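Below: one structure, written as structure tokens.
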Amino acid sequence: MARNITIREAIREAFDQEMERDPTVILMGEDIVGGTGSPGEDDAWGGAMGIYKGLFGKYGNRLLDTPLSESAFIGAAIGAATCGMRPVAELMFIDFLGVCFDQIYNQAAKFRYMFGGKAETPVVIRTMYGAGISAASQHSQTLTPIFTHIPGIKVVCPSTPYDAKGLMIQSIRDNDPVIFCEHKNTYSIVGDVPEELYTIPFAEANIVHEGDDVTIVSYGLMAHRAVEAAKQLAKDGVECEVIDLRTLSPIDMETVIESVENTGKLVVVDEANPRCSIASDISATVAQQAFKALKAPIEMVTSPHTPVPFSPDLEKFYIPSTEKIINSVQKTLSN
Amino acid sequence: MARNITIREAIREAFDQEMERDPTVILMGEDIVGGTGSPGEDDAWGGAMGIYKGLFGKYGNRLLDTPLSESAFIGAAIGAATCGMRPVAELMFIDFLGVCFDQIYNQAAKFRYMFGGKAETPVVIRTMYGAGISAASQHSQTLTPIFTHIPGIKVVCPSTPYDAKGLMIQSIRDNDPVIFCEHKNTYSIVGDVPEELYTIPFAEANIVHEGDDVTIVSYGLMAHRAVEAAKQLAKDGVECEVIDLRTLSPIDMETVIESVENTGKLVVVDEANPRCSIASDISATVAQQAFKALKAPIEMVTSPHTPVPFSPDLEKFYIPSTEKIINSVQKTLSN
Amino acid sequence: MNDNPVPLSRDELLRAYRMMKTIREFEERVHVEFATGDLPGFVHLYAGEEASGAGIMMNLRKDDNISSTHRGHGHCIAKGVEVKGMVAELYGRSNGTCHGKGGSMHIADLDMGMMGANGILGAGAPLACGAALASKYKKDGSVGVSFLGDGASNAGNFLESLNLAAVWEIPAIFVVENNGYAQSTSRDYAVAVDSYVDRASGFGMPGVTVDGTDFFAVHEAAGEMINRARKGGGPSLLECNMIRFYGHFEGDAQTYRGLGEVEEIRKNRDCLKKFIQQVTHAEALTHSDLDGIDQEISVLINEAFDEAQNAPRPTEADLLTDVYISY
Amino acid sequence: MNDNPVPLSRDELLRAYRMMKTIREFEERVHVEFATGDLPGFVHLYAGEEASGAGIMMNLRKDDNISSTHRGHGHCIAKGVEVKGMVAELYGRSNGTCHGKGGSMHIADLDMGMMGANGILGAGAPLACGAALASKYKKDGSVGVSFLGDGASNAGNFLESLNLAAVWEIPAIFVVENNGYAQSTSRDYAVAVDSYVDRASGFGMPGVTVDGTDFFAVHEAAGEMINRARKGGGPSLLECNMIRFYGHFEGDAQTYRGLGEVEEIRKNRDCLKKFIQQVTHAEALTHSDLDGIDQEISVLINEAFDEAQNAPRPTEADLLTDVYISY
Ligand SMILES: Cc1ncc(C[n+]2csc(CCOP(=O)(O)OP(=O)(O)O)c2C)c(N)n1
Ligand SMILES: Cc1ncc(C[n+]2csc(CCOP(=O)(O)OP(=O)(O)O)c2C)c(N)n1
Ligand SMILES: [Mg+2]
Ligand SMILES: [Mg+2]
């Protein structure tokens, strides 16, 4: 039976049900319990976003608070994953990848290849990305392209509660390292989520709005803006096909190519900075594989090539807006 | 007067002449002197590639050996840069960015923006990239796209001794953070280099082979392979325009666009992994800005989406070859 | 140990008091304004920790450099960053210290030797090493001071910096502001060693622990370290044991704290109260001296908030400036 | 301290000797073959350091896990990785331990508890913590051992791991193989503390320094630490002072070393000579015991190199396999 719950609740439920099912699943991160060793509540925080709240009471030391040492504990999660555990480690903000990146891209992501196919590293790194709450330059980045660039790591970006639960369970059960990226402005989005356990395979994009005029490709929070743009454009008779990628690596380019072959026009929306981004990645693949079908220049809607500004006034201009998406769609139509 | 010298010598000369001219230039890194505090020769190594050999005798403690602590010493170079110095710090292999990346992209690259335009951070991070010497997965990566993705940092990739000297001097004098990426298989390349000090502005690509049939865009070692391909193709009457980007950020897209507008065909050659790469970045920009001129699908020649294998047999297949470039050119011509 | 309980000149004491009180009033007002919902972003208050920042900064010159943390308001004020610009920055206005682009976690003023608050824990340590290294070349006797919390004392970039500073023998001071918590995580859980003196020893560096709520204790210990560093004596580490009055950030429900913990520390471990008690008891300053300063600060803070709330906002054109010096 | 100078059974002594001698012969042969130009890539030899790897590994079970360094051949052999596969791996052949994809710096055999040599300094420390953490959940009494050089002992990932292991009280052992150099950089220059015991103390962890050229000293100290860890006594750090016979990597001219340094250590600080002297002097083993083993090893190494040199090479199809388990 499905209920209307938030992304926050959907992720918690995925943890709860997988931990119940599989004793090798453990969770770790800064303050994911919160209050370990302090005089107040045992799980005072349950994670920076309260995702883990309640799990400590049920699973005890299978949730681990960590010192502020991302290299050490994410590396430990990776090491434990090669020794039979299925750890989920939280990198509180994706912006912090710079203090632990080696363990992710030189270790976890490469083990299988370097070791001649003999390693399995079923680790999930859960993290939060994106701008929109005035958290400024070092707590608002998207950075998904950096992970997507690296072979050996899978990149997951859910946009709905249904996807969040199904993709998290898939991530935990997957035998490759996964970085699970949640947009910080999506936690309270609600949607129907089945009570039972289910998985969503990687590399299966979702067509979240159908149309024949223009293809819009996006992921995470931006997928919602793309749908919003499509709805507004529909009022003017413009029919957009909106594709929510759900996973960036592996990526479902078939669905994208098929759609572009039908519409002949492509707008890619990515909150990341533009250079070497997901937007440019998809554009390039389409320009290579669906060139003949293209009837207009590909449009990319991204953040500008600047850090994220603090001021809410500036941040508003920074993040790709529904309006900018509409403008880009109209631009492709005028061609 | 110009002499025929290697890239190794050209970089050393740039350091030597800039240090003589500007007392705020200092150099640091692991073993860049080599032997500090040991019983043997004072500058036993002069850096992993011998680049610095001889400079310690002349400039003494303006060359600093560092402990194996990339975060600390690269961060110190950045901090010193905001305090009036012009440090050049060596990250021995670009593969090691994972243990110090935060200092580069969250600190150096963001200071100016975060601080409202008030910071100058004239630091150069010199590093070595690329495959080809069986150094295996953790010592052979290209990773230039990761730096290029980040706003606030400039990415320089010389391919000739002339460019290496001029771009290094420009990098040292530039008031923004620069990552200076040298391909490990280019150090012994020789070419004419003027004795005097000169700079090469950033974002000025070089047309290294002229032609009207196809545009080939590349950088670093791959620019040489692209020229080689162009020469071979010329024998069959195919005229390629080969563009050596020289700097990836800022990038000279004007030259690329202009060339594609003339040829209508584009092949991008990048030793990096394909996803969110320089190849995809250039393809995307062209598909957006020169779409009308394009007469065939854009071809990308990159490494496969795998780590770099150790075995020389596999590595040979891994790195984009002249042959693969030729095939891609022919593919665009057959369209 | 100095026999005089308040071994500073009258002018210095007045300056120290003004520093601490300005920080306190600044933070108390931020606390109030944040609750109204007008202040954007993450805000971490330094209230309760003023004696540390002031005790150290009273030993510093303008050309000394400090690198700060996410909890940086106090360090900024003590290092001389202009208060009105700071408030405008918190509001994201274009006349803010960083023109609204940085916000609370990124206030910097390089002209004042303030290298920036920092959203990345431990990241300031290498930067302060850089300042200390520059001092060695400039031979100007300046020092680099890195502030860190107990949480950040487990971060690799900080630990590497200790070794680097000792190897290079640079004038760097590492100040661990140990307030017992990293977010909700207790220091006793997360830091494997009881005393930071031992952690410093592991990197061949002298370390000292002081009561960070006692301005004079901090001032004296820091003074010795800083003077030694100025003279080429190398780096050292100072642990200031202290407390924070508010939550980790504004909005933190603080359920990890013991019952009555906050009330108790406010009552018995308020560094400002302690300072007032010390200076008045020693008859070095009078209550009316302090009252005069209080009034000036009150005016300053009121003006700063009024002006900031009415200050101009950045416009879209500002979005694309300041990324590079030249591109 | 044990009174018996060679407190191991005859079988154990034979095993230990075989370990060390196999490593030595392996490395001496690699040295020779590298000089011919046939061996690709970077190769770092463990010759001279055998007593450390063997002294520790003699205390380990198959289900204990170790994480190694760029100088990993000795650790692999001592942990039981098959020699022929290793040699084939060095040649990049498809029957190598890692099918030719890893090479010297990435030999791993998870089935044998060998988590991999590592090209990134210090990166093995968190991984060994992971193995130790897994042991806590599996409750199997296994330990995780992290090997590092003196150079790597300044890396943030290692330093963070010390704290993490102590906080989590996991069965992790950190072995600093201090051979006096990190590439050309002297340990005395780059490590700010004289004794690693002090560095361990800074993370609330016991530390012991031993003569790493003395198998029995290593064996005993490691044994105590490992047993304590198995019983839930938490992590500790072992410093093995040792020497390397060859350069940092094959090809290193070693001009940073003192005149006659290499000759001197070969003559007076050869851990294998010392072991032979100890066991024969105590009459625990005879020279003919050792000769027998020597001959077996000689055959093994010859066969391994012959076979590897003639082994099949990977083909283009192998390039794209093994990136993901499923994609
Ligand atoms: C590298 C990094 N990891 C995690 C965080 C999230 N974070 C912000 S503040 C904080 C706790 C800091 O504690 P402490 O260093 O003791 O400083 P305090 O807040 O107590 O002043 C954490 C974990 C961060 N900003 N940077
Ligand atoms: C993070 C990182 N930095 C630098 C290097 C380059 N490097 C390889 S080995 C080495 C020296 C290692 O010294 P040590 O840890 O003492 O080990 P040893 O070689 O003496 O066994 C260095 C600097 C590296 N591989 N990884
Ligand atoms: Mg704290
Ligand atoms: Mg060493």
Side-chain angles (χ1 to χ4, degrees), chain B residues 23-26 28 36-37 61-62 64-85 87 89 99-100 102-103 105-123 151-154 174-177 201-203 249-251, chain C residues 63 65 67 89 94 96-103 105-111 113 115-116 118-120 122-138 142 144 146 155-168 170 172 318 321-327:
Chain B
T24 69
V25 177
I26 56 172
M28 63 177 78
T36 308
N61 73 1
R62 286 171 62 195
L64 280 167
D65 271 344
T66 68
L68 206 153
S69 310
E70 284 86 357
S71 267
F73 78 76
I74 289 182
I78 292 163
T82 67
C83 294
M85 306 301 290
V99 296
C100 59
D102 177 74
Q103 290 291 332
Y105 80 98
N106 269 335
Q107 312 298 329
K110 294 193 174 40
F111 282 165
R112 186 163 172 77
Y113 197 79
M114 288 194 308
F115 300 165
K118 291 181 185 165
E120 294 191 2
T121 312
V123 68
I153 181 142
K154 295 176 175 172
D174 201 276
N175 286 324
D176 290 311
F202 293 162
S249 184
I251 189 168
Chain C
D63 68 342
N65 288 285
S67 66
E89 188 60 32
S94 47
T97 319
C98 305
H99 300 173
K101 284 180 172 163
M105 268 194 291
H106 305 294
I107 299 180
D109 189 342
L110 295 171
D111 292 338
M115 301 174 85
N118 212 312
I120 306 298
L127 302 173
C129 288
L133 180 66
S135 158
K136 249 190 128 167
Y137 289 104
K138 293 192 269 185
S142 68
S146 164
N157 42 18
F158 164 64
L159 298 167
E160 285 189 353
S161 296
L162 293 181
N163 189 69
L164 184 76
V167 166
W168 280 352
I170 49 179
D318 297 317
T321 57
D322 303 330
V323 192
Y324 298 94
I325 287 161
S326 63
Y327 198 111

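Because the structure is a prediction, the values reported are computed rather than measured. The chains referred to below are lettered A, B, ... by the order of the sequence lines, with proteins before strands, and numbering in each begins at 1.
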Which atoms of B:Glu120 are under 4.5 Å from chain C, going by heavy atoms: the side chain, the backbone, both sets, or neither?
both

Say you draw a straight line from OH of B:Tyr113 to OG1 of C:Thr321; how long is it, rounded to the nearest 0.5 Å?
6.5 Å

Heavy-atom closest pair, residues C:Tyr324 and B:Asp176:
CB-OD2, 3.4 Å

Considering only heavy atoms, which portion of C:Ala131 lies under 4.5 Å from any heavy atom of chain B: side chain, backbone, both, or neither?
both

Closest non-hydrogen atom pair between B:Gln107 and C:Ala123, with its separation
NE2-CB, 3.1 Å

Applying side chain to side chain contact (heavy atoms under 4.5 Å, CB included) to B:Ala72 and not counting sequence neighbours gives B:Ser69, C:Glu160, C:Ser161, C:Leu164

Among C:Cys129, C:Ser326, C:Ala108, single out the residue with the greatest number of heavy-atom pairs under 4.5 Å to chain B.
C:Ser326

Engaged part of B:Asn106 at the chain C interface, taking heavy atoms whose separation is under 4.5 Å:
side chain

Proximity breakdown for B:Ala119 and chain C, heavy-atom pairs closer than 4.5 Å:
both

Spacing of CG belonging to B:Leu64 relative to NZ belonging to C:Lys136, to within rounding of 0.5 Å:
8.0 Å

Measuring from atom OG1 of B:Thr121 to atom CG of C:Leu110, what distance do you get when rounded to the nearest 0.5 angstrom?
7.5 Å

Is the backbone of B:Gly84 close enough, under 3.5 Å, to the side chain of C:Lys138 for a donor and an acceptor to pair up by distance?
no

Need one label for C:Asn157: side chain, backbone, both or neither, based on atoms under 4.5 Å from any heavy atom in chain B.
both

May I ask you to name which of B:Ala77, B:Ala203, B:Ala76 has the most heavy-atom pairs under 4.5 Å with chain C?
B:Ala76

Between C:Asp63 and chain B, which part of the residue has a heavy atom less than 4.5 Å away: side chain, backbone, both or neither?
neither

What part of C:Val323 gets within 4.5 angstrom of chain B, counting heavy atoms only: side chain, backbone, both, or neither?
both

Please round to the nearest 0.5 Å and tell me the distance separating atom CZ of B:Arg112 and atom NZ of C:Lys101.
9.0 Å

Among the options B:Asp174, B:Thr24, B:Asn61, B:Ile74, pick out the one with the most heavy-atom pairs lying under 4.5 Å from chain C.
B:Asn61

Mind listing the closest non-hydrogen atom pair of B:Gly75 and C:Leu127 along with its distance?
O-CD2, 3.5 Å

Does any heavy atom of chain C fall under 4.5 Å from the side chain of B:Phe115, the backbone, both, or neither of them?
both

Give, for atom CD1 of C:Ile120 and atom OH of B:Tyr105, the distance between the pair rounded to the nearest 0.5 Å.
6.0 Å

Less than 4.5 Å apart, any side-chain heavy atom of C:Leu133 and any of B:Met85?
no

Heavy-atom pairs under 4.5 Å with chain C: which of B:Gly152, B:Gly117, B:Pro67 has the most?
B:Gly152

Using non-hydrogen atoms and a 4.5 Å limit, figure out which bit of C:Ile325 sits close to chain B: side chain, backbone, both or neither.
both

Please check: side-chain N/O of B:Lys118 versus main-chain N/O of C:Thr97, any donor-acceptor pairing under 3.5 Å?
yes

Could you state the interatomic distance from CG (C:Asn118) to NZ (B:Lys110), rounded to the nearest 0.5 Å?
11.0 Å

